[in-house]
Amino acid sequence: MNWDRVQGNWKQLKGKVQEQWGKLTDDDFDQIEGRREQLVGRLQERYGIAKDEAERQVDSWTSTYH
């Protein structure tokens with residue numbers, strides 16, 4: 001699935017994102033609003049990981065939801 005589809009279906013996919021990254025809060029989801037860079041930034045903050053690792057995780061997750 002490309003990120004445009006994720007963004008377009010954000011409300012429906014939030015639960016799947018929460019399953020993958022349980023440390024994200026409702027406030028995080030409100031801030032992210034389907035934007036990839038915001039998700040990457042929140043993952044960096046919540047999980048203490050580097051940007052490239054957060055991007056890898058997002059890309060991996062995105063590829064599993066065709």
Side-chain angles (χ1 to χ4, degrees):
M1 174 181 297
N2 67 31
W3 194 259
D4 289 335
R5 288 186 63 198
V6 171
Q7 191 169 20
N9 295 308
W10 183 245
K11 289 186 194 293
Q12 293 84 1
L13 291 172
K14 282 185 349 183
K16 298 290 184 188
V17 174
Q18 183 97 42
E19 287 176 16
Q20 180 69 31
W21 296 290
K23 290 183 180 179
L24 296 177
T25 67
D26 288 338
D27 288 340
D28 291 332
F29 287 111
D30 291 343
Q31 293 294 317
I32 294 166
E33 294 182 338
R35 295 175 297 197
R36 185 181 182 281
E37 286 303 312
Q38 290 291 326
L39 175 57
V40 168
R42 293 296 173 158
L43 293 177
Q44 287 179 261
E45 290 175 24
R46 297 286 181 233
Y47 288 89
I49 58 177
K51 183 176 182 178
D52 61 335
E53 174 60 18
E55 289 177 339
R56 186 196 64 74
Q57 287 185 22
V58 169
D59 290 343
S60 176
W61 178 84
T62 304
S63 70
T64 63
Y65 290 96
H66 313 306

If you measure from [atom1] on [X] to [atom2] on [Y], what distance do you get to the nearest 0.5 Å?
| X | Y | atom1 | atom2 | answer |
| --- | --- | --- | --- | --- |
| Arg36 | Asp4 | CZ | CG | 11.5 Å |
| Leu43 | Lys51 | CG | NZ | 12.5 Å |
| Leu13 | Phe29 | CG | CZ | 10.5 Å |
| Leu24 | Arg46 | CG | CZ | 7.0 Å |

Check: Gln44 and Glu55 side chains under 4.5 Å, non-hydrogen atoms: no
Beyond-backbone contact of Val17 with Val6, side-chain heavy atoms, under 4.5 angstrom: no
Thr62 side chain to Val58 backbone, donor-acceptor under 3.5 Å: yes
Side-chain donor or acceptor of Trp3 paired with backbone N/O of Gly34 under 3.5 Å: yes
side-chain hydrogen bond (donor to acceptor under 3.5 Å, both in side chains): pairs with one or both residues in residues 15-24, sequence neighbours excluded: Trp21-Gln57
For Glu33, side-chain contact (heavy atoms from CB on, under 4.5 Å) partners two or more places apart: Arg35
side-chain contact (heavy atoms from CB on, under 4.5 Å) against Asp27, all qualifying residues, sequence neighbours excluded: Thr25, Asp30
Asp28 with Lys14: basic N within carboxylate O range, under 4.0 Å: no
